[in-house]
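Please read all numbers here as calculations on a predicted model, not as lab measurements.
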Amino acid sequence: MDWIRNHIKYIFINIIFGIMVYFMMISENLVNSHDGIWNTSSFIAGSWEASLGRGLLHYIDEIRAGIVSVPLNTVLTLLIVSVASVLIIDFLAIESRKLGVLVSLLLIANPVTCDTLSYCFTSVGYGMAFLFSVLSVGCICGKSRIVGILLGAVFLALSLSCYQAYFGITCLLLLLQVMKMLLDCERGKRIVEFLIKGILAIVIGGIFYSLISDALLKKYGIELAPYRGASEVSVGRIIALLPESMQLCYKEFYNFFVKNRMGITVFNETVILIGGMGVLLSVCVFRHFFVIWRISRGHALCFLACICLVPVGCNAVVLLVRSDMDTLMSMGMVASVALVSAVILSIDGRSVFFLRRGAYILLLLLLWVNILTVEKDQLALKEGRTATVQLADCVVEGLIVEGYLADDIPIAFVGKPCENAMFVKQSAWNSANWYAKFGNWWIGGQIIEDPGPVS
């Protein structure tokens, strides 16, 4: 209760900010056309989600009575993400309130969160995966050895049982905690103990997750699905593919920040903003490296190694399942920009004072372009849905005129609405992120052959 009293103001600010940013989605009941449109009104996860290793989603849906309401689920998810964001600021002991607020707002306004909210039927479950991953690190950092390891393992298992992609958040936060200890020049023995504690929590959490997953698979009488290689996961395979998986982590990190520009689509100059963030962080890294070097060369080298491992921590799920990262799985990379900035810039010093001011400006600009991007993505969802509905109305009217519906003849709609000449593509739709292009759904990767003339 004391923690809630001390942080309720910031949680409330985050929720109000989130409602303002995603007001269009809430008021217009916007969902994506990939899965969201097929799961409306009522949905409770079942055997398919269990076969993906996400069996806990069923029980989260049961708590919500399976209600799929865009306003309700969006606000609930924003509440969960807000609590998780404030917990992160608290765990990392970021003393600057301005920096803490900026970090938490960036975790709310970004294409990854917008993509998550567009899957209204499961957004609350994915939000819980985020929260559980943060609580896992909080227990590892804040509790005694055995209790911290066990509680951290339990929360990690719960997070994986909701959505495995947030494993990257756990690894990133653990890595940032090690960086913070190195910056504070804590004793090497204590740092090693913390690393062992974190590794044990991850290993035991993986065991707990396997037990939960196996029990749910047995309950449904099914096996793991081959989706994204889930059925092939094993300790031996993870170790054997570790070098390739780490290379893939760096590749996905590069793709996210350089090729896809964090999913920010409003300005072509966004790459300059991201580059500016990179330069500022590099200056801070080398500044702290040389400061630590004067005290302990071992600590300085370990600090540099932690910086180099940030892409691996963000994309840690790739170490488990070798799969390309899509927008929905990229919260770790969004968090890395804000959290690494916060950890490095929270250190006192005369030179850091000016660097911190520069970071505030860049983070504010990053927040602004993220807000504009998610607004445009929501607009694209609305425009795409309007165009799809109007196209469907035209087709149905044509069928009525031709007399097909009167004779109860089966009708099949084949292909993507966006590929029809009558589908109007506005500028927002054309330049939006993939998930926001309503009407551009995939067709299962199957080639549909021309059936020939209909008799």
Please name the pair of heavy atoms, one in I371 and one in V374, separated by the smallest distance, quoted to 0.1 Å.
O-CG2, 3.2 Å
Residues F208, L156; criterion side chain to side chain contact (heavy atoms under 4.5 Å, CB included); working and verdict
CA-CA 9 Å; F208 286 167; L156 177 59; over 6 Å; no
Any sub-3.5 Å donor-acceptor pair from T74's side-chain atoms to P71's backbone N or O?
no
Side chain to side chain contact (heavy atoms under 4.5 Å, CB included) for L131 and Y166? Distances and angles first, verdict last.
CA-CA 9 Å; L131 179 59; Y166 288 98; over 6 Å; no
Contacts of E186 meeting salt bridge (Lys or Arg N to Asp or Glu O under 4.0 Å) (sequence neighbours excluded), chain-then-number -> R190
May I have all residue pairs that pass side-chain hydrogen bond (donor to acceptor under 3.5 Å, both in side chains) and include part of residues 260-281, sequence neighbours excluded?
T265-K376
What's the shortest heavy-atom distance between C306 and L182, and which atoms?
SG-CD1, 3.9 Å
As an exercise, state the distance from OH of Y220 to OG of S51, rounded to the nearest 0.5 Å.
10.5 Å
N370 and A109 have their tightest heavy-atom pair at CB-O, 3.1 Å
Would the distance check show the side chain of S33 and the main-chain N or O of G439 forming a donor-acceptor pair, the cut-off being under 3.5 Å?
yes
Side chain to side chain contact (heavy atoms under 4.5 Å, CB included) between L339 and L173, intermediate numbers included
CA-CA 8 Å; L339 296 180; L173 290 177; 3.8 Å; yes
Do C139 and F155 come close enough that some side-chain heavy atom pair is under 4.5 Å?
yes
Apply ring-ring contact (aromatic ring centres under 6.0 Å, His included) to Y119 and list each qualifying residue two or more places apart in sequence or on a separate chain.
none
Measure the spacing between CG of L78 and CG of N73 and express it to the nearest 0.5 Å.
11.0 Å
Closest non-hydrogen contact found for A380 with W429 is O-CD1, 3.6 Å
Indicate yes or no for a side-chain donor-acceptor contact from Q164 to the backbone of G53 under 3.5 Å, with no hydrogens or angles considered.
yes
Return each pair, listed once, that meets salt bridge (Lys or Arg N to Asp or Glu O under 4.0 Å) where at least one residue sits in residues 60-82; pairs must be two or more places apart or across chains.
D61-R64
Closest non-hydrogen contact found for A50 with L224 is O-CD2, 4.3 Å
Would one find more than 12 heavy atoms of other residues, nucleotides or ligands at under 6.0 Å from atom NZ of K197?
yes
For W368, enumerate each residue passing the ring-ring contact (aromatic ring centres under 6.0 Å, His included) test, keeping only those at least two apart in sequence or located in another chain.
none
Can you tell whether the side chains of K218 and D214 come within less than 4.0 Å, N to carboxylate O?
no
Would you mind writing out the side-chain donor-acceptor pairs for residues 276-284 within the sub-3.5 Å range, not counting sequence neighbours?
unit_1: S282; atom_1: OG; unit_2: G278; atom_2: O; d: 2.7

Donor-acceptor pair, side chain of N255 and main chain of K259, under 3.5 angstrom
no
The salt bridge (Lys or Arg N to Asp or Glu O under 4.0 Å) partners of R145 (sequence neighbours excluded) come to E193
Are S118 and V31 side-chain neighbours, meaning at least one heavy-atom pair lies under 4.5 Å?
no
So how far is it from D115 CG to N110 CG, rounded to the nearest 0.5 Å?
10.0 Å
First locate atom CG of L363, then atom CG of L273, and finally report the distance between them rounded to the nearest 0.5 Å.
9.0 Å
About how many Å separate CD of E244 and NZ of K251, when rounded to the nearest 0.5 Å?
11.5 Å
Check for a donor-acceptor pair, side chain of D377 on one end and backbone N or O of N433 on the other, with a separation under 3.5 Å.
yes
Please set out all donor-acceptor pairs under 3.5 angstrom arising from side-chain atoms of residues 16-30, sequence neighbours excluded.
unit_1: Y22; atom_1: OH; unit_2: I108; atom_2: O; d: 2.7
unit_1: S27; atom_1: OG; unit_2: F23; atom_2: O; d: 2.9
unit_1: S27; atom_1: OG; unit_2: M24; atom_2: O; d: 3.4

Which residue pairs satisfy the ring pair (Phe, Tyr, Trp, His ring centres under 6.0 Å) criterion with at least one member in residues 292-326, sequence neighbours excluded?
F289-W293
Residues passing the salt bridge (Lys or Arg N to Asp or Glu O under 4.0 Å) test with D90, sequence neighbours excluded, are none
Of the non-hydrogen atoms in W3 and V86, which two are nearest, and what is the gap between them?
CZ2-CG1, 3.9 Å
Looking at residues at least two apart in the chain, or sitting in another chain, which of them share a ring-ring contact (aromatic ring centres under 6.0 Å, His included) with F43?
F121
Could you tell me whether the side chain of F253 reaches within less than 4.5 Å of the side chain of S336, counting heavy atoms only?
yes
Do L372 and F267 have side-chain heavy atoms sitting under 4.5 Å apart?
yes
Could you state the interatomic distance from CH2 (W434) to CG (D326), rounded to the nearest 0.5 Å?
8.0 Å
Are R287 and V291 side-chain neighbours, meaning at least one heavy-atom pair lies under 4.5 Å?
yes
Could you check if a side-chain atom of N315 sits within less than 4.5 angstrom of a side-chain atom of V318, using non-hydrogen atoms only?
yes
Test: side-chain hydrogen bond (donor to acceptor under 3.5 Å, both in side chains). Region: residues 9-21. Which pairs qualify, not counting sequence neighbours?
Y10-R97, N14-S104
